Protein chains: 2
Amino acid sequence: MDQKVIDGRAHAAGNLKVISQDVEVLKEQGWNPQLISVMVGDVQEAALYVRNQKRIAEQAGIAFREKRLPESITEAEMQAAIAGLNADPSVSGIILQRPMPAHLNVKALQKAVHPLKDVEGMHPESIGNIVYKEMELGPCTAMAAVEILKSTGLKLEGLEVVVIGHSEIVGKPIAFLLLAEGATVTVCHHMTHNVAVHTRRADVVFVAVGKAGLVTGDMLKPGAAVIDIGINQVVDAQGNSKVVGDADFESCSQVAGWITPVPGGVGPVTVSVLMRNAVTATQRQKAHYESEYSHRFVPAGMSPVGL
Amino acid sequence: MDQKVIDGRAHAAGNLKVISQDVEVLKEQGWNPQLISVMVGDVQEAALYVRNQKRIAEQAGIAFREKRLPESITEAEMQAAIAGLNADPSVSGIILQRPMPAHLNVKALQKAVHPLKDVEGMHPESIGNIVYKEMELGPCTAMAAVEILKSTGLKLEGLEVVVIGHSEIVGKPIAFLLLAEGATVTVCHHMTHNVAVHTRRADVVFVAVGKAGLVTGDMLKPGAAVIDIGINQVVDAQGNSKVVGDADFESCSQVAGWITPVPGGVGPVTVSVLMRNAVTATQRQKAHYESEYSHRFVPAGMSPVGL
């Protein structure tokens, strides 16, 4: 593979080696990480992700259980189901698979997941902790994208970075993660008057919009790094369906110094970050348990969830 | 006063009128907002702020109680004190006055304040909620600065904004608040190679660094808005001590379309936002209480704090 094309699969494999070792240590200490995938209705695209997560979890030695709930489930029943998983000591982390039926409030459900079991890093408290530079556990895709940038060896301090896309779980967390590392960060989105004005002066461009061909080579500064988070199903000239990112790979790869392919770039690293979050969550539950039982009296304010 | 100079005191007075009415409504419903100011040691600069907060609270009809703790207090004792205030039904909001002695972990203490009593908007969950665009309650200074920008009537969608300073409680929250409104946001800081390159193309410059004279007129695009959050004590040519912001007022006011003075700009609005947060916190505690007592059974996941 071309040197400038970043191999996400190899990076993920390296992560999983370390994660498996951490899982072994936890098991020796009596803690068995287990992920629960909660899927509502019969969603084809989610099923593919779930199979993949299950396969990688098993590689890492993490148990993976699937919970399927009927499409007709109410919000209150979902809340009760999540409360049950929060209270289940065998569950280390809860994954709410998207998309969810429109009648459910996904944000409210994410908030119902206990912060110590929030392996997707989407609870407001998890997001807030990232703002406060506690960056061990965060939204998987954002963490993966930043980790890939770091793997280039570029020095992040003072680096000019442009993030296209301002979603709560990808664009914004990428911005805080990079600010914490000393980068100068501009966040653009669909309301930005002229995205190219920004990308042309950037050392690094992250793109997470979900629009094939959004970033083209002429929008880049020569030698820039392009981290492509988009996943788009398109039909090529021969009528074959294929998956591409948000960057036009052909033109961008001619100008960029580094570029992530889609598939095989950010995606596999994201799944490995989910597994690392599972380990981190289990370690935190262990620490919480130990602090609860190693003192006779713990003032309420000292619990790790801040209550 | 020059039309381009934004009058923060007048803006704050307008806010307080609305807040007082909200306080009246709460009182009629049996809820009496009360702020507790927690000060550790004898800190001269904090004492000034506290007096000011107390005066404004009383104007708004909000009770204000001062708690002074000895400089020798330990972290565990502070945690216990906060736990006590969390559990005290007469306390609607807790203010941890800074600076705190170096042996105390201010971040951990802020996290110990219950999210429903976090009137300073500094709990990670409060910060995370802002990222998720729940913007009723947030860090007072950031909220005040953005509110002042809105008062200019500038349309935020697509506006090019540069924020200088990336602190957790000012610079970063300003960035998310503006992103939520559709602005294109760049965050610069002490590691940014060339701040002027960014500010010269900006429609709005926020500066929150704490360095007098950091932004000068030649760094601005003509007609830009300057929102100055710095507070610096300096000695003028006549040897008199005075308070100035981070922007050089003389040169900036000649180029800018709008500028906030220091003092009399963001400061008074910040205190009014603290009072509004006290009202919001009390309203949330009321809603929480009502939801607890209006059902026979509430699943754990449905409580407003997400636990």
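A note on names: the letters A, B, ... follow the listed sequences, proteins ahead of strands, and every chain is numbered from 1. As a basis for the values below, the full set of heavy atoms in this structure was taken, side chains included, without hydrogen atoms, waters or symmetry mates. For clarity, every value in this text was computed on a predicted model and none was experimentally measured.
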Point to revise | Selection from Ala175(A), Ala183(A), Ala87(A) maximising heavy-atom pairs under 4.5 Å formed with chain B | key: Ala183(A)

Point to revise | Under-4.0 Å salt bridge between Lys133(A) and Glu181(A) | key: no

Practice item. Using a strict 4.0 Å threshold on nitrogen-to-oxygen distance, state whether Glu136(B) and Arg284(B) make a salt bridge. Key: yes

**Study point:** Contacting region of His198(B) [heavy-atom separation from chain A under 4.5 Å]
**Key:** side chain

Revision key, fill the gap. So, the part of Met78(B) with a heavy atom under 4.5 Å from chain A: the answer is neither

Exercise for review: Answer yes if the side chains of Gln34(B) and Ser92(B) hold a donor-acceptor pair under 3.5 Å, and no otherwise.
Suggested key: no

Review point. Do Arg201(B) and Thr186(B) have side-chain atoms, one donor and one acceptor, less than 3.5 Å apart?
Key: yes

Which residue out of [options] racks up the most heavy-atom pairs below 4.5 Å with chain A?
| options | result |
| --- | --- |
| Val195(B), Val185(B), Ile82(B) | Val185(B) |
| His189(B), Gln110(B), His166(B), His193(B) | His189(B) |
| Val197(B), Val131(B), Ile127(B) | Val131(B) |
| Val162(B), Leu109(B), Thr192(B) | Thr192(B) |

Check your understanding: Could you go step by step and tell me if Ile36(B) and Val38(B) meet the side chain to side chain contact (heavy atoms under 4.5 Å, CB included) rule?
Key -> CA-CA 6 Å; Ile36(B) 297 286; Val38(B) 180; 4.0 Å; yes

Point to revise | Per-residue contact mode, Glu160(A) against chain B (heavy atom under 4.5 angstrom) | key: side chain

Review point. Is any side-chain heavy atom of Val119(A) less than 4.5 Å from a side-chain heavy atom of Ile94(A)?
Key: no

